[in-house]
2 protein chains.
Amino acid sequence: MAQNRRRPTRQRTAVQALLEQTDDFSSAQELHARLRASGDAVGLATVYRTLQAMAADGDVDVLRTDDGEAAYRQCSTGHHHHLVCRTCGATVEVEGPAVEKWSERVATEHGFTDVHHTLEIFGTCADCARAARSS
Amino acid sequence: MAQNRRRPTRQRTAVQALLEQTDDFSSAQELHARLRASGDAVGLATVYRTLQAMAADGDVDVLRTDDGEAAYRQCSTGHHHHLVCRTCGATVEVEGPAVEKWSERVATEHGFTDVHHTLEIFGTCADCARAARSS
DNA sequence: TTTGAAGTTGACAATCATTCTCATTTAAGC
DNA sequence: GCTTAAATGAGAATGATTGTCAACTTCAAA
């Protein structure tokens, strides 16, 4: 299901490499700017296309920030959710088998099929909470 | 906490009335077009402002569609989630106390505070599945 | 290795939702 | 009725994302 007929180009490789060294969710614009800064320039449209392709292949996770921007992150494989610090963007991957089962059951009960869900938890991480308190 | 110092204007009333007769999530653009069509014209900027204010007051629920647009819907009070048909937009409100507890526990375990979460379930409703099959 | 078809890229234009600006209008209370 | 701050709206501005299309690669067959 993953990595269908995609060619290994310099650009794709650069994007993948960058995602590998990045722990938090980043927008396409951000990644594009970073690539440019690192000398490994890649066209903006290409960054978008690559990220979308990777997302479609399940190689990266996507989420929408509160203001509607798409943010990408390379994650461990398998279905999981994210606990994201709304201040510094730190991310923790979490799993919730119970949630998966629950959403599937609820959907089935209402006659829905081909179900898919999104669940993100936003909060303030311990570090940021401490920083805010001492400011 | 809700409805702080807001004036009851014709425009605000029109938006509220429209939301009351609408069952599915609709974008600001959609609502604006519908108001215009019904003769109750309201400026686009006002529709946006009103919806945001209502969302801030907790009078409407907001969610982001897959392509990043904000969609609004008037809902029953209290915390709940949505089961949305990705074809026709039909919406079912669902509650999941287990999910609430789980997300809170997980967040706490990782030192996060001031936690908030979003959970939406997308699928194909029975009607749309039937329609697709018979096409 | 050469070669051609098909997948990719990138600069830039085009979309399109959302926000901003600011002059004008309106509700609330006196 | 009069004053004032909130609210409105037309249109410009913003900004992320997508579309366009000619030029450029990759792949694999010859």
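Sequence lines set the chain letters: A, B, ... in the order given, protein chains first and strands last, and positions in each chain run from 1. In this text, all values refer to a predicted model and were calculated from it rather than measured experimentally.
Remark: B/His79 engages B/His81, B/His117 in a ring-ring contact (aromatic ring centres under 6.0 Å, His included) (not counting sequence neighbours).
By the criterion of side-chain heavy atoms lying less than 4.5 angstrom apart, applied directly or through intervening Ile, Leu, Val, Met, Phe, Trp or Tyr residues, B/Met54 is grouped together with B/Leu35 in one hydrophobic cluster.
Heavy atoms from other residues, nucleotides or ligands lying under 6.0 Å from CD of B/Glu95 number 12 at most.
Against DNA chain D, the stretch residues 65-74 of chain A makes heavy-atom approaches under 4.0 Å through A/Glu69, A/Ala70. Residues from residues 24-41 of chain B with heavy atoms under 4.0 angstrom of DNA chain C, sorted by number: B/Gln29.
The CD atom of B/Glu120 sits 12.0 Å away from atom NE2 of A/His116, with the distance rounded to the nearest 0.5 Å.
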Hey, what are the protein-to-nucleotides 1-4 of chain C N/O distances that come in under 3.5 Å?
none

Enumerate all atom pairs, one protein N or O and one N or O from nucleotides 24-30 of chain C, separated by less than 3.5 Å.
from, atom 1, to, atom 2, distance (Å)
C/dT26, O2, B/Arg7, NH1, 3.3

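A/Gln11 and A/Thr50 share no donor-acceptor pair across their side chains, judged by distance under 3.5 Å alone.
Under 4.0 angstrom from either OP1 or OP2 of C/dT18 there lies no side-chain N or O belonging to B/Gln52. A close approach under 4.0 Å does not occur between any side-chain nitrogen or oxygen of A/Tyr48 and OP1 or OP2 of D/dT18. Taking side-chain N and O atoms only, B/Thr46 has no distance below 4.0 Å to OP1 or OP2 of D/dA7.
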* **Evaluation steps, side-chain hydrogen bond (donor to acceptor under 3.5 Å, both in side chains), between B/Thr13 and B/Arg10** => CA-CA 5 Å; B/Thr13 306; B/Arg10 174 183 72 75; over 6 Å; no
* Take B/Phe122 and B/His82, measure what side-chain contact (heavy atoms from CB on, under 4.5 Å) needs, and give me the verdict at the end. => CA-CA 8 Å; B/Phe122 296 95; B/His82 298 102; over 6 Å; no
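Mapping B/Arg49 and A/Gln11 onto DNA chain C via the closest heavy atom, the residue that lands nearer the 5' end is A/Gln11.
Between B/Gln52 and B/Tyr72, the closest side-chain pair of non-hydrogen atoms falls below 4.5 Å. In this structure, the side chains of A/Thr118 and B/Arg64 stay at 4.5 Å or more apart for every pair of heavy atoms. A heavy-atom distance below 4.5 Å is not found between the side chains of B/Ile121 and A/Phe112. Counting heavy atoms from C-beta on, the side chains of A/Leu31 and A/Val15 never come closer than 4.5 Å.
Counting only distance, with no hydrogens or angles, the side chain of B/Thr124 and the backbone of B/Cys128 share no donor-acceptor pair below 3.5 Å.
Summary of helix geometry: the two end axes of the helix from C/dT1-D/dA30 to C/dC30-D/dG1, each defined by five base pairs via their C1' atoms, are inclined to each other by 30° (rounded to 10°).
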